[in-house]
Amino acid sequence: MSRLQVVSGKGGTGKTTVAAALALALATEGKRTLLVEVEGRQGIAQLFETEALPYEERKIAVAPGGGEVYALAIDPELALLDYLQMFYKLGGAGRALKKLGAIDFATTIAPGLRDVLLTGKACEAVRRKDKSGRFAYDYVVMDAPPTGRITRFLNVNDEVAGLAKIGPIHNQAQAVMRVLKSKETAVHLVTLLEEMPVQETADGIAELRAAKLPVGRIMVNMVRPEVLDAADLELVRSVPRSSVARALSAAGLGGARRGGNAEKLVDPLLEQAEEYAERYELEHEQRAVLAELGLPLHELPLLAEGMDLAGLYELATELRKQGMS
Amino acid sequence: MSPDPAADQESTRHPLSPARTLDVDPLLDDPKTRIVVCCGSGGVGKTTTAAALGLRAAERGRKVVVLTIDPARRLAQSMGIDSLDNTPRRVKDVDGGGELHAMMLDMKRTFDEIVEAHADRERAAAILSNPFYQSLSAGFAGTQEYMAMEKLGQLRARNEWDLIVVDTPPSRSALDFLDAPKRLGSFLDGRLIRLLTAPAKLGGRAGMKFLNVGMSMMTGTLGKLLGGQLLKDVQTFVSAMDTTFGGFRTRADATYKLLQAPGTAFLVVAAPERDALREAAYFVERLAAEDMPLAGLVLNRVHGSGAARLSAERALAAAENLVEPRIVDQDGGKAGLRNSPDPYGSSESPASEPHSPGADGDVDQLTAGLLRLHADRMQLLSREQRTRDRFTTLHPEVAVAEVAALPGDVHDLAGLRNIGDRLTANRPELPETAVDPRD
């Protein structure tokens, strides 16, 4: 299991949720994981129902079996000052730089510098050891930018290394790139069983592979339960309305005759079944497309009650069951 | 006689009270509406909404251009814009008297065009080949947002269309497109740039010694950090840009003002999910703070049910009623005791038509499945309703248009037309379908 787990996915697929569930799943049996956020959206804090995360590693959850999940929202500006302090002892000069707009420049405009700082911080956490020589975190899970930007985001170090041909940024970028392209890293893509996210996943994988970044697994999120199977759907097409009406009536839902309450339910229920059938077929097609990508697939259920903290633990259990830890 | 399910809840169409209903057609028809900006978090159907609005406006007689940022391939193909060439193309097979044009933003091309338009050939070539420029224009933080706004300004200036519908970039924060022009503008016009381009000149004045020290330390630091060669690239780039077209900030300000102008309408797009609506609420507040004219919220993928009178609980209980006797039957060796007296006390059932026990069991099982499916739907409905109500309580002033969910994806004009109909029908129920001829 790679120690840096990068989780990406199309917007709306729930990548933050999956990243958090993965961090929990990996933290079992006394392990310690760090969940890292890089886009400043405070999605982790909302998910764990805590106040906004500072730029500081902070324990946010305890996993079953005594493991711990820490979280960190990386702020590029603070990461840069951190970095300057670490390598140049420039703490005080930071303020002067800020006044001149240099920090703004470096963190928002300078080509890729922002991304180097973000990935650099995550890699630093991966490599960090405590005094006894043990890794500070067993795993680092990154809630990364969406699929459309992930390759550029991770590969930016290469780009910066090309742009800044010498100097510490160059060296830093090279060092980060060595971690990101090694077996220490796995990039997972979260998708739904819908056409657009699946297409984007396929494109994303192709891009990652072209950039020689290590692709991990595909996580299919919000999978709906199978309520009707193929045989049921076959029957839906041929069943006489009157039999359904009688069955509904037998179940205590009113009269089966025309105009009876049970009878009035038949059309809307069959219509919902038809919608279900259409989606069922689409989902099967999308599953087939995903299977062709030749990567391990995990499926996470749609939680009927919506996403909350309990749901997060449920998903973590599911990931463990599926061998993600 | 069992209680009448219809009596459970009389009207379960969930009206949007107290929120207002957003009427999209008057907005699209009003000749004073010149720009519609669709914004919202990723994955809520923003691009599809923009395309559907564009098509609808065109079919209602307006001359429309849709500017999409990063459309799904098939959606783009449905409008005939599968080539990324940065120019509006007319969409074929649009009904009605208007016209629909569509284009996909190519941010690098847009940036290159600005350079080419404002610099002489030699200087333009120098900028275009500068490595720093190449990185900046290929899509680092903010460039896409900036170029989207730049393109919007260009389209508006051409004055060839009565209505421009813009999709906003899938930003890390939904608001980046508001900030990016200012940020890039203030960077390119800013002190840092002056400093990088001409440190000696700036620091040379008397009485500026302190600043001078700060600055040389800073250029030194930057040089150390970035490497001397990158710094030199930046300096070359900036001086080339500077002399050819200053006033990035002026352009950014103009675009910003355009967004605030009365002819602009913002539509916040969301789905009835917690995160999407939280982002939407944030967006609404931000637009208000920036004096941007918000027309309303488009709530995509809202589910409905034609049988909303039957609650999830009752549906599940009924499903159990149907399945349990079957289990008993199986225990009893599949004796097929379907004709046992009806234990549910419904006087209207069951009909006495002879049915083979096996088929009957299948129908019962299927019906139980239909009921469970319905229970799922009702649970989804109430969850969506709760999420939406939370939003409308926070922002009762925001008009809302609900779009009934489609089971599949949209990839042709008919699909977009359908979305447009749903967008204006403003009811989450499933559209009426023809009477099923099976019975």
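None of these values were measured; they are calculated from a predicted model. Just so it is clear: chains get the letters A, B, ... in the order the sequence lines come, proteins before strands, and each one is counted from 1.
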Is any side-chain heavy atom of A/Val266 closer than 4.5 Å to a side-chain heavy atom of B/Leu370?
-> no
With side chains defined as the heavy atoms from C-beta onward, is the minimum distance between B/Arg274 and A/Gln46 less than 4.5 Å?
-> no
Side chain to side chain donor-acceptor pair (under 3.5 Å) against A/Glu283, all qualifying residues, sequence neighbours excluded = A/Arg224
CG (A/Asp229) and CD (B/Gln365) are apart, to the nearest 0.5 Å, by 7.0 Å
Would you mind telling me which of B/His374, B/Arg372, B/Arg386, B/Gln379 has the largest number of heavy-atom pairs within less than 4.5 Å of chain A?
-> B/His374
Heavy-atom check, side chain of A/Glu275 versus side chain of B/His303, under 4.5 Å | no
Sole residue of A/Leu265, A/Leu248, A/Val239 in side chain to side chain contact (heavy atoms under 4.5 Å, CB included) with B/Thr367 = A/Leu248
Contacting region of A/Asp203 [heavy-atom separation from chain B under 4.5 Å] = side chain
Answer whether the closest heavy-atom distance between the side chains of A/Pro268 and B/Leu310 falls below 4.5 Å.
-> no
Closest heavy-atom contact between B/Gly43 and A/Lys10?
-> CA-NZ, 4.3 Å
With a 4.5 Å cut-off on heavy-atom pairs, point out which of B/Val44, B/Asp376, B/Leu366 contacts chain A the most.
-> B/Leu366
Any side-chain heavy atom of B/Asp275 within less than 4.5 Å of one from A/Thr16?
-> no
Contact class of A/Leu282 relative to chain B, heavy atoms under 4.5 angstrom = side chain
With respect to chain B, which residue among A/Asn171, A/Val227, A/Asp232 yields the maximal number of heavy-atom pairs within a distance under 4.5 Å?
-> A/Val227
Between atom CZ of A/Arg279 and atom CG of B/Leu406, what is the distance when rounded to the nearest 0.5 Å?
-> 12.5 Å
Cut-off 4.5 Å, heavy atoms of chain B, and the answer for A/Pro197 is neither
To the nearest 0.5 Å, tell me how far B/Glu273 CD sits from A/Met222 CE.
-> 6.0 Å
Looking only at heavy atoms, which two atoms of B/Asp364 and A/Ala247 are closest? And how far apart?
-> OD1-CB, 3.5 Å
What is the minimum heavy-atom distance between B/Leu373 and A/Gln272, and which atoms define it?
-> CD2-O, 3.9 Å
Sort A/Leu269 into side chain, backbone, both or neither according to what part of it lies under 4.5 angstrom from a heavy atom of chain B.
-> both
